Amino acid sequence: QVQLVESGGGLVQAGGSLRLSCTASGTIFDVNDMGWFRQAPGNQRDLVARITSDGDINYADSVKGRFTILRDSAQNAIYLQMNALKPEDTDVYYCNLNNFRAGSAFIYWGQGTQVTVVS
């Protein structure tokens with residue numbers, strides 16, 4: 001029902017910046033949280049940043065002050081501005097949409113985009 005397409009990953013030196021984009025298409029319902037997660041091989045998928053339909057924003061402690069999540073509701077898109085990147089930010093980043101309806105949460109994921117930060 002919902003497709004998420006990501007772009008913007010790449011290789012950057014420590015201290016540099018990247019901007020990730022995620023665009024949702026398909027059947028978009030009213031109540032959605034959208035966010036970014038990251039996952040390294042063998043690890044769990046962890047929240048990086050989330051923005052709700054009400055505009056509430058949550059960041060992982062490790063990225064506070066460095067990353068900014070933005071939402072363009074008109075275009076069903078979110079962005080992750082990543083500044084002051086560190087090697088430990090290296091991961092595959094996944095766009096996430098949670099749709100809440102009928103008492104359930106419907107979870108959708110983007111395909112993932114690789115972010116690599118080198119010293």
Side-chain angles (χ1 to χ4, degrees):
Q1 291 182 302
V2 177
Q3 298 80 45
L4 303 174
V5 179
E6 304 177 30
S7 64
L11 188 148
V12 66
Q13 289 189 328
S17 298
L18 287 172
R19 184 172 183 261
L20 306 184
S21 299
C22 173
T23 301
S25 62
T27 303
I28 308 299
F29 295 91
D30 290 340
V31 182
N32 300 294
D33 296 343
M34 294 188 71
W36 293 94
F37 289 68
R38 62 188 182 186
Q39 183 176 21
N43 293 336
Q44 65 183 15
R45 189 170 295 184
D46 294 324
L47 174 70
V48 177
R50 184 196 305 276
I51 184 166
T52 72
S53 59
D54 295 325
D56 296 323
I57 296 174
N58 302 105
Y59 293 102
D61 288 342
S62 59
V63 307
K64 287 180 179 177
R66 299 189 297 120
F67 292 8
T68 304
I69 187 170
L70 305 97
R71 183 169 187 165
D72 185 343
S73 296
Q75 298 183 7
N76 294 315
I78 60 167
Y79 308 88
L80 187 67
Q81 181 64 47
M82 309 165 66
N83 298 326
L85 283 161
K86 304 175 180 179
E88 50 263 44
D89 295 318
T90 296
D91 269 317
V92 178
Y93 284 69
Y94 294 90
C95 181
N96 164 255
L97 184 151
N98 293 339
N99 173 249
F100 301 95
R101 66 184 190 273
S104 299
F106 295 82
I107 303 172
Y108 304 91
W109 295 100
Q111 80 279 12
T113 185
Q114 177 71 48
V115 171
T116 302
V117 185
V118 298
S119 299

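What you are looking at is a predicted structure, and each value in this text was computed from that prediction instead of being measured. Reckoned from all heavy atoms, side chains included, excluding hydrogens, waters and symmetry mates.
Put simply, CG on Leu4 and CG on Asn96 are 7.5 Å apart, with the number rounded to the nearest 0.5 Å. Atom CD1 of residue Ile51 and atom CG of residue Leu70 lie 7.5 Å apart, to the nearest 0.5 angstrom. Summarising the geometry, atom CG belonging to Asn76 is positioned 8.0 Å from atom CG belonging to Asn32; distances are rounded to the nearest 0.5 Å. Of the inter-residue distances, the one linking Ser104 atom OG with Asn98 atom CG reads 12.0 Å to the nearest 0.5 angstrom. Note that CD1 of Ile69 is 4.5 Å distant from CD1 of Ile78, once rounded to the nearest 0.5 Å.
The closest side-chain donor-acceptor pair between Ser17 and Asn83 falls under 3.5 angstrom.
Using modelled atom types, no side-chain atom of Gln39 and backbone atom of Val92 make a donor-acceptor pair closer than 3.5 Å. In this structure a side-chain-to-backbone donor-acceptor pair under 3.5 Å is present from Thr90 to Val117. A distance-only check finds a donor-acceptor pair linking the side chain of Gln111 to the backbone of Glu6 [under 3.5 Å]. Arg66 places a side-chain N or O within donor-acceptor distance of the main-chain N or O of Ala84, the cut-off being under 3.5 Å.
Under the 30°/60° scheme for interplanar angles, the aromatic rings of Phe67 and Tyr93 are found to be tilted.
Within 6.0 Å of CD in Gln13 there are 12 or fewer heavy atoms belonging to other residues, nucleotides or ligands.
In the hydrophobic cluster analysis, where Ile, Leu, Val, Met, Phe, Trp and Tyr join through side-chain heavy atoms closer than 4.5 angstrom, Leu47 is grouped together with Ile107. At a threshold of 4.5 Å between side-chain heavy atoms, the hydrophobic network of Ile, Leu, Val, Met, Phe, Trp and Tyr places Leu80 and Ile57 in one connected group. At a threshold of 4.5 Å between side-chain heavy atoms, the hydrophobic network of Ile, Leu, Val, Met, Phe, Trp and Tyr places Leu85 and Tyr79 in two separate groups.
Tyr94 is not listed as a side-chain neighbour of Leu20, based on a closest heavy-atom distance of 4.5 Å or more. For the pair Arg50/Phe37, a side-chain contact is recorded, criterion being any heavy-atom separation below 4.5 Å from C-beta on. Residues Thr68 and Tyr59 meet the side-chain proximity criterion, which asks for heavy atoms closer than 4.5 Å. Asp33 is listed as a side-chain neighbour of Phe100, based on a closest heavy-atom distance under 4.5 Å. Here the side chains of Val2 and Asn99 are not in contact, with every heavy-atom distance at 4.5 Å or above. Counting only heavy atoms from C-beta outward, the side chains of Cys95 and Trp36 approach each other to under 4.5 Å.
Salt bridge absent: Lys86 and Asp89 never bring a charged side-chain N and a carboxylate O closer than 4.0 Å.
Between Ser62 and Arg38, the shortest heavy-atom contact is OG-NH2, 3.2 Å. Minimum interatomic distance between Gly8 and Leu18 (heavy atoms only, all atoms of both residues): O-CD2, 3.9 Å.
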